[in-house]
Amino acid sequence: MAGHGFTEKSFEFFEELTENNNKEWFQAHKPDFKTYVEDPFLDLLEALTDRLSDAEVPLRGNPKTKFRMNRDLRFSEDKSPYKTSIAALLTPSGTKQEGGGVLYFHMDANGGFTGTGWHMLPPKALKPFRRAMVDQAETFDKVRKALSDSGRGFADDNSLKSMPRGFEDFDDHRHADAIKLKSLLVSEPLPKIAFTSSDVVDRVEKMARDAMPFLVWGREVSA
C-alpha cells in the first residue's frame, strides 16, 4: 500500500493532539490513532526491518522498539501527558537496549526525520570516538569519504565551540570539526509526501545503507 496507510489524517491527528493534549481527548480518539498513526507506523517498521535485515549492521524494529506515547512528567514543568510525535528505534538486536549505532525514526504533524549513529553522548563515552579520529585518522578519512560520496555528512547542530578536554592540541587536526561534535549522527528530514507515498521506505533504507561505513566504524571503536 502506498504510504503504508499514512494519509493526511495521520498528520491531522498530531495537529489536533497538540491542541487537545489531555487524557479525555486521546482516549476518545484512540481508534484514529491506531488506524492513521500506529498501525501504519508499525507496518513501516516491519518493511524497514525486511529491507535492512541483510545490511552489514542489520537493523530491526518492532512494537517493542517503538517509544510510548506517554510523556515522562517526573522532571518536567510541562504536564501534557502525551508526546505529539511517534518514534521508534531500529537496532541490531531488535530491542531498545542498544548503547548506540542505531537508527531512529520519527513522525509528527509536519512530517518527520530519520537519523543513525550516537546521540548526545557524555564526554567519557565520546572519548574513544575522538581518540580514534586522531589515532586512526586514515581510517576515519575513509568513513568520511564514503559518507561524502553518498551526499551525506555529520549533523553539526550539537558541536562544542572549542576542542574538548584532552584534545586541545588537535585544534588544527583535519578531523577537528568532528572531534568537537557532541553527537555523531547522519540524518535526513522526511516531508509529509514521503509518508503518504512509498518513498519513505526507500529513503530511510538508503540513508541507513549510506551510513553503514560509519556504523561499522563506530561500533568497532565503541566495542
Side-chain angles (χ1 to χ4, degrees), residues 45 48-49 51-61 64-67 72 85 87-106 112-190 203-223:
L45 285 181
L48 287 169
T49 297
R51 293 277 193 98
L52 294 168
S53 61
D54 66 343
E56 194 167 359
V57 178
L59 295 168
R60 304 177 180 91
K64 292 183 179 180
T65 66
K66 180 179 71 67
F67 291 99
D72 185 349
S85 62
L89 296 179
L90 286 91
T91 72
S93 66
T95 73
K96 285 191 286 191
Q97 280 68 55
E98 292 277 341
V102 302
L103 187 148
Y104 177 79
F105 187 77
H106 172 108
F113 69 92
T114 184
T116 185
W118 288 259
H119 177 64
M120 292 300 289
L121 292 177
K124 183 177 180 180
L126 272 169
K127 189 173 182 178
F129 293 95
R130 290 167 168 164
R131 180 51 57 190
M133 293 174 192
V134 172
D135 294 345
Q136 303 166 29
E138 293 79 9
T139 300
F140 196 56
D141 284 337
K142 295 175 182 178
V143 171
R144 300 192 80 169
K145 184 179 187 304
L147 291 176
S148 179
D149 288 348
S150 300
R152 309 283 179 180
F154 294 115
D156 60 2
D157 52 339
N158 285 308
S159 180
L160 297 171
K161 293 183 179 179
S162 58
M163 296 301 285
R165 182 179 300 177
F167 293 86
E168 295 90 346
D169 294 340
F170 299 101
D171 193 46
D172 295 326
H173 194 278
R174 63 182 181 274
H175 298 314
D177 59 331
I179 293 170
K180 291 179 183 178
L181 294 175
K182 294 185 284 185
S183 294
L184 294 171
L185 292 172
V186 177
S187 63
E188 179 177 342
L190 297 168
R203 290 176 66 156
V204 177
E205 180 192 10
K206 186 176 188 310
M207 192 279 297
R209 291 190 182 276
D210 288 348
M212 278 296 147
F214 160 55
L215 284 182
V216 171
W217 171 84
R219 292 180 71 84
E220 289 175 352
V221 166
S222 60

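- Here D156 pairs with nothing under the salt bridge (Lys or Arg N to Asp or Glu O under 4.0 Å) rule; sequence neighbours left out.
- Residues passing the salt bridge (Lys or Arg N to Asp or Glu O under 4.0 Å) test with K127, sequence neighbours excluded: none.
- By the 4.0 Å N-to-carboxylate-O rule, K142 lies too far from D149 to be salt-bridged with it.
- Evaluated for a ring pair (Phe, Tyr, Trp, His ring centres under 6.0 Å) with W118, the options F214, W217, F154 yield exactly one hit, F214.
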> Would D141 and R174 count as a side chain to side chain contact (heavy atoms under 4.5 Å, CB included) if you check the C-alpha gap in whole Å, the side-chain angles of each, and the deciding distance to 0.1 Å?
Replying inline: CA-CA 9 Å; D141 284 337; R174 63 182 181 274; 2.9 Å; yes
In a table with atom names and distances, give each donor-acceptor pair under 3.5 Å that connects a side chain of residues 157-171 to protein atoms at least two apart or in another chain.
| from | atom 1 | to | atom 2 | distance (Å) |
| --- | --- | --- | --- | --- |
| E168 | OE1 | G166 | N | 2.9 |
| E168 | OE2 | G166 | N | 3.4 |

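- Counting only distance, with no hydrogens or angles, the side chain of T65 and the backbone of L89 share a donor-acceptor pair below 3.5 Å.
- Remark: L185 CG to L103 CG distance equals 10.5 Å, nearest 0.5 Å.
- No side-chain heavy atom of L59 sits under 4.5 Å from any side-chain heavy atom of L48.
- Atom CZ of R152 sits about 6.5 Å away from atom CE of M207, to the nearest 0.5 Å.
- A tilted orientation is assigned to the rings of F67 and Y104, their planes being inclined by 30° to 60°.
- We find the NE2-CG distance between H175 and D177 to be 8.5 Å, quoted to the nearest 0.5 Å.
- A salt bridge is defined here as a Lys NZ or Arg NE, NH1 or NH2 lying under 4.0 Å from an Asp or Glu carboxylate O, and E98 with R219 meets this definition.
- Listed for the S183 side chain is a donor-acceptor partner under 3.5 Å among the backbone atoms of M120.
- With a 6.0 Å radius and a threshold of 12 heavy atoms from other residues, nucleotides or ligands, K96 has its NZ atom above the threshold.
- Going from atom NE2 of H119 over to atom OG of S187 covers 11.0 Å, rounded to the nearest 0.5 Å.
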> Going through the checks in order, is the side chain to side chain contact (heavy atoms under 4.5 Å, CB included) test met by F140 and R144?
Replying inline: CA-CA 6 Å; F140 196 56; R144 300 192 80 169; 3.5 Å; yes
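- Between the side chain of R60 and the backbone N or O of T91, no donor-acceptor pair lies under 3.5 Å.
- Within the 4.5 Å cutoff, no side-chain heavy atoms of L181 are placed close to those of M133.
- Here the closest non-hydrogen pair linking S150 and K206 is O-NZ, 4.3 Å.
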